[in-house]
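All remarks here apply to the structure that follows.
FYI, side chains are in, hydrogens and waters are out, and symmetry mates aren't considered; it's all heavy atoms of this structure.
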Amino acid sequence: MRDMEERVGLASALRRGTLEFCVLAMLESEPRYGVELVGRLAADGTLTTSEGTLYPLLSRLRRAGWVTTTWEESRTGPPRRYYGLTDSGKAALTNFRSEWVVFRDAVDRTVGTERT
Amino acid sequence: MIQSAGPLDRIVEDYLAAVARACQDLPAGRREELISDLREHIAVARGELASPTEAALRTILDRLGDPAAIAHEARMGEPIPSAPGPTAPLTPSPLSRSGGSQAPLILAIVLGFALALIILVIGVVAMIQPASVSPHPAP
């Protein structure tokens, strides 16, 4: 039980600071609407535990000016809100990519998880 | 609530009310935004259902997850630093930060010693001066 809690704690600590950039990356090629975006992010269960926890994160990204939203009509139901990447969001993603590679390599070297 | 609310709408409202309760300590604006985002998600997801059954709706809500977990994430709302450019500097390293906090301390100690020395010199001069001056008053 305690092991389980520690694993959950570790996963959530690792997500903190990285998950928002996974969101930005997912919007890089095209804008996506909320249901589609959170569905894709939650699909493999590694990046997030549930779809709902992504909405507070999307709200932070809106406030940071990294994403914008636009409403579009849908043929199947109510209008959808599409999330798109802003220029500063793109810059943040580019910055993250270079920081992440350096960080990941340093961790891999230190803890012995280098891929051969 | 909507007047024509059916049993499925009731389930949605109950879920959103549970999220609102779990988020009671959040600023009202933040809480309302979250509820509105979730309401919108549920409406869009329901619109995509082939058959709007209660089981299908429950699946949508299950995937959204535990209200307490959503509230927890909303509470972790540590502000994202304003968008850095590709060459934006990182936050100062702990080393330079600790150097910064130690500098005033060292300065204070040095100044303290200097002040003590000056007071000592003034004291010694004040003690010697009257003794050496008074026997030989100026003409």
Side chain proximity check, [X] to [Y], heavy atoms < 4.5 angstrom:
{"X": "Tyr55(A)", "Y": "Leu38(B)", "answer": "yes"}
{"X": "Ile60(B)", "Y": "Glu51(A)", "answer": "no"}
{"X": "Pro56(A)", "Y": "Leu34(B)", "answer": "yes"}

Would Glu36(A) and Glu48(B) count as a side chain to side chain contact (heavy atoms under 4.5 Å, CB included) if you check the C-alpha gap in whole Å, the side-chain angles of each, and the deciding distance to 0.1 Å? CA-CA 11 Å; Glu36(A) 181 194 14; Glu48(B) 292 175 355; over 6 Å; no
Group every Ile, Leu, Val, Met, Phe, Trp and Tyr by side-chain heavy-atom contacts under 4.5 Å, then state whether [X] and [Y] land in the same group.
{"X": "Tyr82(A)", "Y": "Val67(A)", "answer": "no"}
{"X": "Tyr15(B)", "Y": "Val35(A)", "answer": "no"}
{"X": "Leu16(B)", "Y": "Leu26(B)", "answer": "no"}
{"X": "Ile42(B)", "Y": "Leu58(A)", "answer": "yes"}
{"X": "Phe103(A)", "Y": "Val111(A)", "answer": "yes"}

Which heavy atom in [X] sits nearest to a heavy atom in [Y], and how many Å separate them?
{"X": "Arg63(B)", "Y": "Gly39(A)", "answer": "NH2-CA, 4.0 Å"}
{"X": "Pro78(A)", "Y": "Gly47(B)", "answer": "CD-CA, 4.4 Å"}
{"X": "Ser50(A)", "Y": "Leu64(B)", "answer": "OG-O, 2.9 Å"}

Can you say whether [X] sits under 4.5 Å from chain B via the side chain, the backbone, both, or neither, judging by heavy atoms?
{"X": "Tyr33(A)", "value": "side chain"}
{"X": "Arg81(A)", "value": "both"}
{"X": "Arg62(A)", "value": "side chain"}

Answer key: most heavy-atom pairs under 4.5 Å with chain B among Ser59(A), Gly34(A), Ser74(A) is Ser59(A)
Interatomic distance, NE2@His41(B) vs CG@Leu54(A), rounded to 0.5 Å, equals 10.0 Å
The reported gap from OG1 in Thr69(A) to CD in Glu40(B) (rounded to nearest 0.5 angstrom) is 8.0 Å
Charged N-O contact under 4.0 Å between Arg15(A) and Glu73(B) | no
